[in-house]
Novice: 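Okay, here's the structure, questions in a sec.
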Amino acid sequence: MTVTPAPSVEAPKSAEHAPSTSESTEPAAQPPHAPEAAESNPTAALHTTVNAWFDTHARDLPWRRPEAGPWGVMISEFMLQQTPVSRVLPVYEQWLARWPRPADLAADPPGEAVRAWGRLGYPRRALRLHAAASAIKERHCGDVPREHAQLLALPGVGEYTAAAVASFAYGQRHPVLDTNVRRVFARAVSGKQYPPNATTAAERKLARSLLPDDEATAARWAAATMELGALVCTARGPECGRCPIATRCAWRLAGSPAHEGPPRRGQTYAGTDRQVRGKLLAVLRDAVTPVPQTALDQVWHEPVQRARALDGLVADGLVEPLAGGVYRLPQS
DNA sequence: AAGTCGTGGGA
DNA sequence: TTCCCAAGACT
């Protein structure tokens, strides 16, 4: 059972939903001084309001369609780790068409996964997804497991991804705490502009407390809160005028106070090993035959850093060294 | 538990 | 141009 953008599976709509005639989703239809998006029933549970919003605002993403299946959901979750939807879309389609089942991916060498990963970034994810496919084939007869613990045991699957697959692919009830949900909760409930840098026990507790009791409603709530964070309650420039819970948002009610404390994080990139690794791997991805050391030497001027980056790639299993100083993507 | 690990697009 | 950040996992 897949969570689709179809009308909410929430139980009785009758008592909870006051007849709502306010269509406030079109920005152009808003008068210049329009108030915040009207909420049909301010006393309804948060999940009722957010899930209702999701009914009409969910994007039609391929991994939300029934034909995606659990494997499609898992592929999408790996690719979406730290990577925007727009860049995942084309690669996702290629992957699912080429490897429609976990066993199909497992049957190909890991280097093919790395190559097909293209420029999505963090190519270790490709390696881990390949390893996860092998584990699924071996341990679970080729089917993506349903149990959270079994999902969590797969390579590259952490707390978030395990909960996401269990929820989105199998309709289960799990707190799904990704960066979007954490931001929505930080604002709507905690009154902060941003969540803490690392997920805290308090956040998990909060997520657990907000989780609807009903399984199907909980699964939809997970997708709905993520979507709200991705489309409306964004990190920069949240569009509170379009938010279904703006009238109840603690951050908003507090006057939208700016983030306190040190800057959130600095993710420098230029000149780092990561950049060099990226350049080295790009050469190997585009090569049909093994690449000589001398060709790799062209991508970076500084020999010590260059060697360190290449060693790192080999250590990670992303590059396979062959005799004679030539390299290729891993065949095994 | 703070660092590491890619890439590209929007503000 | 520079900076920020986008459905995290792993060590």
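This is a predicted model, so every value here is computed, not measured. The sequence lines fix the lettering, A, B, ..., with proteins before strands; numbering per chain opens at 1.
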Novice: Look at all strands and tell whether A/Leu281 reaches a base, only sugar-phosphate, or nothing, counting heavy atoms closer than 4.0 Å.
Specialist: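 Answer is nothing: A/Leu281 stays at 4.0 Å or more from every strand.
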Novice: Quickly work out the A/Met79 CE to C/dA9 P distance and round it to whole Å.
Specialist: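 Atom CE in A/Met79 sits about 16 Å away from atom P in C/dA9.
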Novice: To the nearest 0.5 angstrom, please state how far the CE atom of A/Met74 sits from the CE atom of A/Met79.
Specialist: 13.0 Å
Novice: For A/Thr234 and for A/Leu152, find the nucleotide of DNA chain C with the closest heavy atom, then tell me which residue's nucleotide is more 5'.
Specialist: A/Thr234
Novice: At under 4.0 Å between heavy atoms, what does A/Glu159 touch on the DNA or RNA strands: base, sugar-phosphate, or nothing?
Specialist: sugar-phosphate
Novice: So, does A/Arg119 get its side chain near the phosphate of B/dG8, meaning an N or O under 4.0 Å from OP1 or OP2?
Specialist: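 For A/Arg119, the contact criterion (side-chain N or O under 4.0 Å from OP1 or OP2 of B/dG8) is met.
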Novice: Nearest-Å distance, CZ (A/Arg274) to C1' (C/dC5)?
Specialist: 12 Å
Novice: Counting just side-chain N and O atoms, does A/Thr161 come under 4.0 Å of either OP1 or OP2 of C/dA9?
Specialist: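 Answer yes for this pair, as a side-chain N or O of A/Thr161 is under 4.0 Å from OP1 or OP2.
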Novice: Give one of base, sugar-phosphate or nothing for A/Arg182, where a contact means two heavy atoms less than 4.0 Å apart.
Specialist: nothing
Novice: By ring pair (Phe, Tyr, Trp, His ring centres under 6.0 Å), which residues pair with A/Tyr160, not counting sequence neighbours?
Specialist: none
Novice: Measure the distance from CG on A/Leu280 to C1' on B/dT7 and round it to the nearest whole Å.
Specialist: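 Nearest whole value for this atom pair: 15 Å.
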Novice: Tell me: CG of A/Leu120 to P of C/dG8, nearest whole Å?
Specialist: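 Taking CG of A/Leu120 and P of C/dG8, I get 14 Å after rounding.
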Novice: Using atom P of each nucleotide, how far apart are C/dA9 and B/dG8 to the nearest Å?
Specialist: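 These two P atoms come out 23 Å apart once rounded.
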Novice: For B/dC5 and C/dA7, measure between their P atoms and round to the nearest Å.
Specialist: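 That atom pair is separated by 22 Å.
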Novice: Considering just the side-chain nitrogens and oxygens of A/Gln82, establish if one lies under 4.0 Å of OP1 or OP2 belonging to C/dG8.
Specialist: yes
Novice: With A/His140, which residues qualify under ring pair (Phe, Tyr, Trp, His ring centres under 6.0 Å), at least two apart?
Specialist: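 Testing A/His140 for ring pair (Phe, Tyr, Trp, His ring centres under 6.0 Å), a comparison that skips the adjacent residues, returns none.
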Novice: Please tabulate the protein-to-nucleotide N/O contacts below 3.5 Å involving nucleotides 9-11 of chain B, giving atom names and distances.
Specialist:
none

Novice: Quick one: label A/Ala235 by what it contacts on the DNA or RNA (base, sugar-phosphate, nothing), any heavy atom closer than 4.0 Å.
Specialist: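 Since only primed, P, OP1 and OP2 atoms lie under 4.0 Å of A/Ala235, the category is sugar-phosphate.
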Novice: Rounded to whole Å, please give me the gap between CG in A/Leu313 and P in B/dG6.
Specialist: 7 Å
Novice: Consider the side chain of A/Arg285, meaning its heavy atoms from C-beta on, and name the nucleotide among B/dC5, C/dA7, B/dT7 that approaches it most closely.
Specialist: B/dT7
Novice: At 4.0 Å (heavy atoms only), tell me whether A/Val157 reaches a base, stays on the sugar-phosphate, or touches nothing.
Specialist: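 Contact class for A/Val157: sugar-phosphate only.
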Novice: Looking only at N and O atoms, is any donor in the side chain of A/Thr83 or the base of B/dG6 less than 3.5 Å from an acceptor on the other one?
Specialist: yes
Novice: Please give, in whole Å, the distance from C/dA6 P to A/Tyr194 OH?
Specialist: 9 Å
Novice: Please report, rounded to the nearest Å, how far the P atom of C/dC3 is from the NE2 atom of A/His259.
Specialist: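 Checked: the NE2 to P distance equals 18 Å.
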Novice: Partners of A/Trp99 by ring pair (Phe, Tyr, Trp, His ring centres under 6.0 Å), sequence neighbours excluded?
Specialist: A/Trp95
Novice: Which of these nucleotides, C/dA9, B/dC5, B/dG6, is closest to any side-chain atom of A/Arg124?
Specialist: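 Nearest listed nucleotide: B/dC5.
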Novice: Taking atom C1' of B/dT4 as reference, at what distance in whole Å does atom CG of A/Asp311 sit?
Specialist: 16 Å
Novice: Any heavy-atom pair between the side chains of A/Pro195 and A/Phe185 that's under 4.5 Å?
Specialist: no
Novice: Between C/dC10, C/dG8, B/dC5, which nucleotide has the shortest distance from any of its atoms to the side chain of A/Arg128?
Specialist: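 The answer is C/dC10.
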Novice: Taking 4.0 Å as the cut-off, does a side-chain nitrogen or oxygen of A/Arg125 come that near to OP1 or OP2 on C/dA6?
Specialist: no
Novice: Rounded at 0.5 Å granularity, tell me how far CG in A/Leu151 sits from CZ in A/Arg146.
Specialist: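 Here the rounded value is 10.0 Å.
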Novice: Which residue pairs satisfy the ring-ring contact (aromatic ring centres under 6.0 Å, His included) criterion with at least one member in residues 293-330 of chain A, sequence neighbours excluded?
Specialist: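 As it turns out, there is no ring-ring contact (aromatic ring centres under 6.0 Å, His included) pair with a partner in residues 293-330 of chain A once direct neighbours are skipped.
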Novice: From A/His130 NE2 over to A/Leu105 CG, what is the distance, rounded to the nearest 0.5 angstrom?
Specialist: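 CG of A/Leu105 is found 5.0 Å from NE2 of A/His130.
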Novice: For residues 309-320 of chain A, which side-chain donor-acceptor pairs fall under 3.5 Å, sequence neighbours excluded?
Specialist:
unit_1	atom_1	unit_2	atom_2	d
A/Asp316	OD2	A/Arg277	NH1	3.1
A/Asp316	OD2	A/Arg277	NH2	2.8
A/Glu320	OE1	A/Gln331	N	3.3
A/Glu320	OE2	A/Arg328	NE	2.9
A/Glu320	OE2	A/Arg328	NH2	2.8

Novice: Base, sugar-phosphate, or nothing: which does A/Gly121 touch, judged by heavy atoms less than 4.0 Å apart?
Specialist: base
